[in-house]
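Whatever order the structure lists ligands and atoms in, that order sets their numbers, starting from 1.
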Amino acid sequence: MTGPSEQEGRPQRSSEPPRRRRSHTTSRDLERYTGLFARRTQVMRSSAMRDLMAITARPEVISLAGGLPDTSTFPADSFAAQMTRIAHESSAEALQYGPTEGFEETKACIVEVMEEEGMSPDPDDLIVTTGGQQAIDLIAKTLVNPGDPVICEAPTYPGAVPAFCSYEADVHQVSTDENGMRIDELEELLAALATAGRRPKFIYSVPSFQNPAGVTMSEDRRRRLVELAREHEVLICEDNPYGLLRYDGDPQPTLYSLDGGDYVLYLGTFSKILSPGIRIGWVVAPPPVLEKIGLGKQAADLCTSTLTQYFVREYFAEGRWREYIGDLVGIYRDRRDAMLDALERHFPEQAEWTRPEGGLFIWATLPDYIDTTDLLAKALRENVAFVPGRAAYVDGRGGSSMRLNFSASGEDELREGIRRIGRVVNEQVALYETITGEHRAEPAPDPEDDDPGGEVVPLPKR
Ligand SMILES: Cc1ncc(COP(=O)(O)O)c(C=O)c1O
């Protein structure tokens, strides 16, 4: 006879204990655990993007919220061939633990990638990490005591905020404009901290195609930033996942190449140029700092996945990695252009947005009476999502901004997503103008709203 669980494909063993279902947490449960929590858990924050991922996984939702590269562009047959080769030729080693700092072969691939942007690190100055995210966490773990100042851009990478908060850093944010971090403001902040007898531990920056603003730091500012780090003996943490994803304009020197690696800790990752699923990133740092980072990594996970390091090795041995990045650049450039075009068509004239030369994100800012956290709830009812701007600040700013991702959706989907967001934004603008009696500039007619049977592209269910 077939039992119900066998029908679900898994035979039930008679000794198996009944699975406990946790319907809700009671106040008694809460009391029991909260007394045990470390103090730092009180300042731990959730990453807004992680929270959103559950909602945006629904197939009917067009998500402009994640920072996902389009992994469907990676040729499945070459993935299959590489993994098969690993299974046949190195299965025991690939399934084994590896060195904490990573394999020499993985480091050689990383050096190739960094050389592409004009850097030539010593492989011994480098540790392979479980994604760039772990590198951020390990740097904070290594350098930050509770209350230590850490400086970053405003807005900053939303995933860095929970890492800095976990180590109880006192985070200061410096404004950005279309040329990246405002170095004049940084100088003022450094002077004010010095006067107060406080020394920041590091300045965290994503200088190229910043996540979330999409802006790139100018060469002058890069040079001045590196000088300031030397003058104040402060480390810079240069996070550069997007440097090779440039769609227009000329490459800028990395902070690491300008500094030579004395004050700049450099973070890289294969997530956006190969795959985030393999979870391979890296950090380059001066030897004394690297040694401590290595100790932190031993405690965190012993080593980065051996299997995926083998995959990287096989992939680089094929010698086509530059070609694949070239393909990504072509695809993402068209998607960026589609999103910029849709913003022009569907967002009201009061809105502003960045025009990134690379990377995966556009940052849009609406009139300040619109709160994008509230707007997200309305947008989700229209089955479209974005990251509200507050996720990129520690101090509640960013309330009328949003991060829009253009790498994870096709061009038609992007246009439709922006059309839906534009509709809820325009409703808010109209409501505000009705309430305040402000003159309303006639909004440009939305051709797709006038003729829903016309230009609206039917989207396949994902
Ligand atoms: C600026 C920045 N740093 C780090 C990361 C984390 O990347 P990884 O997937 O390598 O952990 C991301 C991911 O979006 C990012 O945008």
Enquirer: Test your reading of the structure: does Thr130 have an N or O sitting under 3.5 Å from an N or O of ligand 1?
Expert: no
Enquirer: Mark the output for Gly159 as yes if a heavy-atom distance to ligand 1 is under 4.0 Å, and as no if none is.
Expert: no
Enquirer: Show which atoms of ligand 1 fall inside a sub-4.0 Å distance from at least one heavy-atom site of Gly132.
Expert: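 Matching atoms, with element in brackets: 8 (P), 10 (O), 11 (O).
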Enquirer: Less than 4.0 Å is my threshold; does some heavy atom of Gly67 fall inside it relative to ligand 1?
Expert: no
Enquirer: When you measure from the centre of the six-membered ring of Tyr393, is the NZ or CZ of Arg390 under 6.0 Å away and within 45° of the axis?
Expert: no
Enquirer: Of Thr308, Val283, Thr106, which meets side chain to side chain contact (heavy atoms under 4.5 Å, CB included) against Val128?
Expert: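 Single pass found, and it is Thr106.
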Enquirer: Under 4.0 Å from any heavy atom of Arg279, which atoms of ligand 1 are there?
Expert: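 Those qualifying, in numeric order: 8 (P), 9 (O), 11 (O).
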Enquirer: Check the surroundings of atom CD in Glu352: do more than 12 heavy atoms from other residues, nucleotides or ligands lie under 6.0 Å from it?
Expert: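 Open: at most 12 neighbouring heavy atoms sit under 6.0 Å from CD of Glu352.
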Enquirer: Indicate yes or no: does an N/O atom of Thr269 lie under 3.5 Å from an N/O atom of ligand 1?
Expert: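 So ligand 1 has an N or O lying under 3.5 Å from an N or O of Thr269.
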Enquirer: Among Arg223, Arg222, Arg230, exactly one meets salt bridge (Lys or Arg N to Asp or Glu O under 4.0 Å) together with Asp259. Which residue is that?
Expert: Arg230
Enquirer: Keeping Arg279 on the side-chain end and Pro276 on the backbone end, is there a donor-acceptor pair under 3.5 Å?
Expert: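 It does hold such a pair.
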Enquirer: Considering only heavy atoms of Gly131, which atoms of ligand 1 have at least one such atom less than 4.0 Å away?
Expert: 10 (O), 11 (O)
Enquirer: Do Arg345 and Glu416 meet the salt-bridge criterion of a basic N to acidic O distance under 4.0 Å?
Expert: no
Enquirer: Kindly confirm or rule out an N or O of Ile280 lying under 3.5 angstrom from an N or O of ligand 1.
Expert: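 Min N/O separation from ligand 1 is not below 3.5 Å for Ile280.
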Enquirer: Report, in ascending order of atom number, the atoms of ligand 1 lying under 4.0 Å from any heavy atom of Ser271.
Expert: 8 (P), 9 (O), 10 (O)
Enquirer: Can you find a non-hydrogen atom of Gln210 under 4.0 Å from ligand 1?
Expert: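 So Gln210 does not count as touching ligand 1.
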Enquirer: Which of the atoms of ligand 1 are close to Gln133, meaning less than 4.0 Å from one of its heavy atoms?
Expert: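 This gives 6 (C), 8 (P), 11 (O) as the contact atoms.
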Enquirer: Tell me whether ligand 1 is touched by Tyr242 - counting only heavy atoms on the residue side and a distance under 4.0 Å.
Expert: yes
Enquirer: Quick check on contacts: which atoms of ligand 1 are under 4.0 angstrom from a heavy atom of Asn211?
Expert: 14 (O), 15 (C), 16 (O)
Enquirer: Hey, is Arg221 close enough to Asp177 for a salt bridge, meaning N to O under 4.0 Å?
Expert: yes
Enquirer: Any idea which atoms of ligand 1 are less than 4.0 Å away from a heavy-atom of Asp239?
Expert: 1 (C), 2 (C), 3 (N), 4 (C)
Enquirer: Looking only at atom types and distance, does a side-chain atom of Lys272 sit under 3.5 Å from a main-chain N or O of Pro241, one as donor and one as acceptor?
Expert: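 Looks like no, no N/O pair under 3.5 Å.
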Enquirer: Determine whether more than 12 heavy atoms belonging to other residues, nucleotides or ligands lie under 6.0 Å from atom CG of Asp248.
Expert: yes
Enquirer: Counting only heavy atoms not in Arg40, do more than 12 sit closer than 6.0 Å to its CZ atom?
Expert: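 Atom CZ in Arg40 is not packed in, count stays at 12 or less.
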Enquirer: Mark the output for Gln134 as yes if a heavy-atom distance to ligand 1 is under 4.0 Å, and as no if none is.
Expert: no
Enquirer: Can you list the ligand 1 atoms lying under 4.0 Å from a non-hydrogen atom of Val206?
Expert: 1 (C)
